[in-house]
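Data first, discussion second: the structure below is written as structure tokens.
Below, chains carry the letters A, B, ... as their sequence lines are ordered, and counting in each starts from 1.
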There are 2 protein chains.
Amino acid sequence: MAIESQELKKVGLKVTLPRVKILQIMETAATEGKHLSAEDVYKALMEVGDDVGLATVYRVLTQFEQANLVTRHNFEGGHSVFELTREDHHDHMVCTETGEVVEFFDEVIEQRQHELAEQHGFEIVDHSMVLYVRRKEKK
Amino acid sequence: MAIESQELKKVGLKVTLPRVKILQIMETAATEGKHLSAEDVYKALMEVGDDVGLATVYRVLTQFEQANLVTRHNFEGGHSVFELTREDHHDHMVCTETGEVVEFFDEVIEQRQHELAEQHGFEIVDHSMVLYVRRKEKK
DNA sequence: TTGAATGCAAATGGTTTGCACTGAC
DNA sequence: GTCAGTGCAAACCATTTGCATTCAA
């Protein structure tokens with residue numbers, strides 16, 4: 001049995017063709033370090049000849065998100081992008097010129113965030129930090 | 001002439017009733033530390049008896065944003081909120097239970113962000129950092 | 001068999017736009 | 001008087017949902 005099927009069962013989702021296919025696509029994207037929108041996933045399915053409705057793509061991605069298989073990001077621009085959930089937390093910097101996405105993690109910042117929330121009597125449930133950047137001119 | 005009129009002229013916008021009214025509302029909200037959605041502004045206008053179309057509210061807020069009079073934030077949840085642009089940069093924490101918004105600024109984090117961008121060969125154009133938080137249970 | 005999953009199309013909700021009318025200069 | 005600004009309704013776009021059909025278990 002394919003790895004995808006096992007992962008689906010593990011999170012309590014019935015093994016169906018759309019779910020397996022979409023999971024495969026997300027895994028492929030992950031190895032390339034890419035973040036896909038629902039539309040991207042839909043197109044990828046079309047290209048491989050798999051006829052899955054866009055609505056199903058949204059439904060499945062949402063289920064995957066709830067099952068913590070994928071993580072949803074809301075960068076500027078109105079649409080969401082998804083990536084396979086990884087055990088290691090990380091934030092993103094997005095190049096405003098090329099759209100390139102770089103992932104990073106910084107212990108100092110994470111630490112400060114918790115301290116700041118604490119100072120205001122809160123605890124952090126989640127956070128998003130996106131740096132919109134531009135390639136520096138080489139001198 | 002009211003202060004609002006001068007501000008509008010300064011940024012090259014013709015002085016019209018909707019623009020003056022909306023600017024006043026944004027200023028009032030600012031003194032209360034509030035962030036308003038287009039809908040909020042629209043409702044505020046209605047309450048005062050000023051009949052301005054929702055479309056105009058969007059158009060004016062967008063113009064204000066381009067003129068750098070107001071700043072637009074895209075928190076989770078699909079809709080944008082606006083606040084008067086301030087010279088001092090700050091980030092936000094949003095309570096997931098009450099919607100309460102707290103502004104904060106932390107030099108340590110700002111510093112690290114620049115260092116991290118630099119490490120990847122980028123310079124920061126802009127950034128968004130939002131902490132989604134929950135009031136801590138008092139023990 | 002049988003309830004869950006899917007496809008399709010229609011609905012949604014925030015935001016934008018086309019166009020004729022209005023108003024600021 | 002003119003052209004930018006506005007109101008209204010229709011259009012948009014990403015996403016969600018209702019419902020009849022299909023399918024995994």
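- At D:dT15, one or more side-chain N or O atoms of A:Y58 fall inside 4.0 Å of OP1 or OP2 (strictly under the cut-off).
- Follow the hydrophobic side-chain contacts under 4.5 Å out from B:V125 and you never reach A:V130; the two are in separate clusters.
- In this structure A:R112 satisfies the side-chain hydrogen bond (donor to acceptor under 3.5 Å, both in side chains) test together with A:E115, B:D106, sequence neighbours excluded.
- Following rounding to the nearest Å, A:D51 (CG) and C:dA5 (C1') show an atom-to-atom distance of 16 Å.
- Distance A:L13 CG to C:dA5 P: 7 Å, rounded to the nearest Å.
- The two residues A:H35 and A:D40 have their closest heavy-atom pair at O-OD2, 4.2 Å.
- Regarding A:L61, its CG atom lies at a distance of 15 Å from the P atom of C:dA5, rounded to whole Å.
- Take the nearest nucleotide of DNA chain C for A:V52 and for B:A55: the residue whose nucleotide is more 5' is A:V52.
- In the hydrophobic cluster analysis, where Ile, Leu, Val, Met, Phe, Trp and Tyr join through side-chain heavy atoms closer than 4.5 angstrom, B:Y58 is grouped together with B:V52.
- In this entry the distance linking CD of B:Q63 with P of C:dT16 reads 12 Å, nearest Å.
- Under the side-chain hydrogen bond (donor to acceptor under 3.5 Å, both in side chains) criterion, A:T16 pairs with no residue, sequence neighbours left out.
- Rounded to an integer number of Å, the gap from CZ of B:R19 to P of D:dG7 is 11 Å.
- The salt bridge (charged side-chain N to carboxylate O under 4.0 Å, His left out) search around B:K14 returns none, not counting sequence neighbours.
- Between B:L8 atom CG and D:dA4 atom C1' the separation is 14 Å, expressed in whole Å.
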The contact string for nucleotides 19-25 of chain D, one letter per nucleotide 5' to 3', using protein heavy atoms under 4.0 Å with B, S and - for base, sugar-phosphate only and none, comes out as -----SS
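- Residue B:E65 contributes atom CD, which lies 14 Å from atom C1' of C:dT16 at whole-angstrom precision.
- DNA chain D is contacted by no residue of residues 36-50 of chain A, taking any non-hydrogen atom closer than 4.0 Å.
- A:L54 and A:A38 get closest at one heavy-atom pair: CD1-O, 4.2 Å.
- Atom CG in A:L54 sits about 9 Å away from atom C1' in D:dA14, given to the nearest Å.
- A cation-pi arrangement is absent between A:R134 and B:F122, since the terminal nitrogen or guanidinium carbon is not both under 6.0 Å from the aromatic centre and inside a 45° cone about the axis.
- Annotation: salt bridge (charged side-chain N to carboxylate O under 4.0 Å, His left out) contacts of A:D50 (sequence neighbours excluded): A:K21.
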